[in-house]
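First up is the structure itself, then whatever we jot down about it.
Since the structure is predicted, the reported quantities are computational estimates derived from the model, not experimental observations. Convention: sequence-line order gives letters A, B, ...; per-chain numbering from 1.
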2 protein chains.
Amino acid sequence: MNNKEKLRKAGLRPTKQRMIIADILLDGINRHFTAEILQNEINSSGNSMSIATIYNCLKKFRNCGLIKQIESSKDTAIFDTNINQHHHFLDEETGELIDIENDEVNLRKLPEIPQGYLNNGVEVLIKIKKQI
Amino acid sequence: MNNKEKLRKAGLRPTKQRMIIADILLDGINRHFTAEILQNEINSSGNSMSIATIYNCLKKFRNCGLIKQIESSKDTAIFDTNINQHHHFLDEETGELIDIENDEVNLRKLPEIPQGYLNNGVEVLIKIKKQI
DNA sequence: TTTTACTTTAAAATCGTTCTAAACTACTTG
DNA sequence: CAAGTAGTTTAGAACGATTTTAAAGTAAAA
């Protein structure tokens, strides 16, 4: 399925701008990125785009499940092109994130989901720090 | 150990402002809060404090391990008075966080920590959504 | 004490992100 | 294909959380 079809399937009009971003993000490679990093990649690809459009686009892509936003206490939103359930190592010093595939983690025991709620995904974060 | 001693032990001068905040936060009750919520509690306690001081203080307290900051993609920093390793349910719609005690989660298998790094804490986040 | 280093403060600045409203464009319908 | 309309993009203004500034204040050391 090409990117135009992916956008259509997600209920998004395949505009010129969304196609430029889809061509960068939806290439099957797992990446963590911020709006600013994406803007640099757009510029490097010989295109340009208003930062407002980049934010709009990221929000739409995220809401459609084309990308994920990572839970992070950094001041800049971090997105992930890996939309499968998976986990992360986090170096809190540098903010570096490293993917952990889902099958590398196994939960023996999970707590009961609160009354009236459904499980909507489990994320394991392993904080790491450089050895001295 | 009283709060003055706790601050001293953490390497922080027990100033008037830090004592006010310590009296609110270090009462043994587990709470999630933002700088704004804390400011309201300070005001309710009949005190007042510059917002810059509140941020300074939260940063110092966090760096000393007196409180924790929660990994969250919300635009406001969320802190936690529970400094023991534990986990959370997160309702992404509302942002509500519910504590999960560490012994309610058991990991059968953890990935190998990357070369040159040490494990610095594991956090499990279970995203939940309201049943329809 | 006196000194020194650290802390607090109000106000300004900064930074990421969102809003606004006008111009534009993809899609629908006739 | 033409015209309409609903959704999109844009630059720039606005916003909200947080940090910086620089001056005044305070705790601890000498």
Side-chain angles (χ1 to χ4, degrees), chain A residues 2-25 32-43 45 47-64 66-80 95, chain B residues 2-24 32-43 45 47-64 66-79 95:
Chain A
N2 63 31
N3 287 337
K4 188 170 275 191
E5 290 169 337
K6 282 185 196 165
L7 291 175
R8 282 235 166 76
K9 196 176 160 208
L12 297 177
R13 277 194 191 171
T15 64
K16 181 164 155 277
Q17 288 81 354
R18 287 177 185 161
M19 285 301 293
I20 291 169
I21 292 182
D23 287 345
I24 293 172
L25 297 182
H32 306 132
F33 64 97
T34 63
E36 195 192 351
I37 290 171
L38 177 57
Q39 187 173 41
N40 291 339
E41 295 194 38
I42 291 167
N43 294 338
S45 76
N47 295 289
S48 79
M49 205 175 295
S50 161
I51 190 69
T53 303
I54 294 173
Y55 278 106
N56 284 344
C57 213
L58 287 174
K59 206 185 278 190
K60 291 269 187 188
F61 276 37
R62 181 198 58 198
N63 292 345
C64 294
L66 291 172
I67 60 175
K68 266 186 171 181
Q69 183 169 359
I70 295 178
E71 299 294 327
S72 161
S73 55
K74 303 210 76 183
D75 49 1
T76 310
I78 302 173
F79 297 89
D80 195 334
Chain B
N2 63 31
N3 287 337
K4 187 171 275 191
E5 290 169 337
K6 281 185 196 164
L7 290 174
R8 282 234 166 77
K9 196 177 161 207
L12 298 177
R13 279 193 190 172
T15 64
K16 182 165 155 277
Q17 289 81 353
R18 286 176 187 163
M19 285 299 293
I20 291 168
I21 291 182
D23 287 345
I24 292 172
H32 306 132
F33 63 98
T34 63
E36 196 191 351
I37 290 171
L38 176 58
Q39 186 173 42
N40 291 338
E41 295 195 38
I42 291 167
N43 293 338
S45 76
N47 294 288
S48 80
M49 204 176 295
S50 161
I51 191 69
T53 304
I54 293 174
Y55 278 107
N56 284 344
C57 213
L58 287 174
K59 205 185 279 191
K60 292 267 186 189
F61 276 37
R62 181 198 57 198
N63 293 345
C64 293
L66 292 172
I67 61 174
K68 265 187 172 181
Q69 183 168 358
I70 295 179
E71 300 294 327
S72 160
S73 54
K74 302 209 77 181
D75 50 1
T76 310
I78 302 172
F79 297 90

Practice item. Between A/Ser50 and A/Gly11, just flag the one whose closest nucleotide in DNA chain D comes earlier from the 5' side. Key: A/Gly11

Review point. Which whole-number value in Å describes the distance from A/Ile21 CD1 to D/dT8 P?
Key: 13 Å

Exercise for review: Mind checking ring pair (Phe, Tyr, Trp, His ring centres under 6.0 Å) for A/Tyr55 and listing every partner two or more places apart, or none if nothing turns up?
Suggested key: none

Exercise for review: State, with a plain yes or no, whether a side-chain heavy atom of A/Phe61 is found less than 4.5 Å away from one of A/Ile21.
Suggested key: yes

Check your understanding: With the sugar-phosphate defined as primed atoms, P, OP1 and OP2, and the base as all remaining atoms, what B/S/- string results for nucleotides 16-30 of chain D, 5' to 3', for protein heavy atoms under 4.0 Å?
Key -> -SSBB------BS--

For residues 69-76 of chain A, run the donor-acceptor check on the side chains, cut-off 3.5 Å, and write out each pair with its distance to 0.1 Å, sequence neighbours left out.
from	atom 1	to	atom 2	distance (Å)
A/Gln69	OE1	A/Arg62	NH1	2.5
A/Glu71	OE1	B/Ser73	N	2.9
A/Glu71	OE1	B/Ser73	OG	3.3
A/Glu71	OE2	B/Ser73	OG	3.3
A/Ser72	OG	A/Lys74	N	3.0
A/Ser73	OG	B/Glu71	OE1	3.3
A/Ser73	OG	B/Glu71	OE2	3.3

Review point. Considering only heavy atoms from C-beta outward, does the side chain of B/Arg8 approach that of B/Leu12 to under 4.5 Å?
Key: no

Review point. Can you name the nearest heavy-atom pair linking A/Met49 to A/Gln39, along with the distance?
Key: O-NE2, 3.8 Å

**Study point:** Partner set under side chain to side chain donor-acceptor pair (under 3.5 Å) for A/Ser45, not counting sequence neighbours
**Key:** A/Asn47

Practice item. Determine whether B/Arg13 and B/Leu7 make a side-chain contact, defined as any pair of heavy atoms from C-beta on separated by less than 4.5 Å. Key: no

Review point. Rounded to whole angstroms, how far apart are CG on A/Leu7 and C1' on D/dG7?
Key: 14 Å

**Study point:** For the student: nearest non-hydrogen atoms of A/Ala10 and A/Leu66, plus distance
**Key:** CB-CD1, 4.1 Å

Exercise for review: Please report the shortest heavy-atom distance between A/Ile54 and A/Ala35, naming the atom on each side.
Suggested key: CG2-O, 4.1 Å

Check your understanding: Do B/Phe79 and B/Thr34 come within less than 4.5 Å of each other through their side chains, counting heavy atoms only?
Key -> no

Review point. What is the distance, rounded to the nearest whole Å, between atom CG of A/Asn47 and atom P of D/dT9?
Key: 13 Å

Check your understanding: Base, sugar-phosphate, or nothing for B/Lys74, non-hydrogen atoms under 4.0 angstrom?
Key -> nothing

Study note, to complete from the structure: Rounding to the nearest 10°, end axes of the helix from C/dT1-D/dA30 to C/dG30-D/dC1 built from five pairs each make an angle of 30°

Practice item. Answer yes or no: is there a side-chain heavy-atom contact under 4.5 Å between A/Leu58 and A/Leu25? Key: yes

Review point. Taking 5' to 3' order, which nucleotide of DNA chain C is first and which is last to have an atom within less than 4.0 Å of a heavy atom in chain A?
Key: C/dG16 to C/dC27

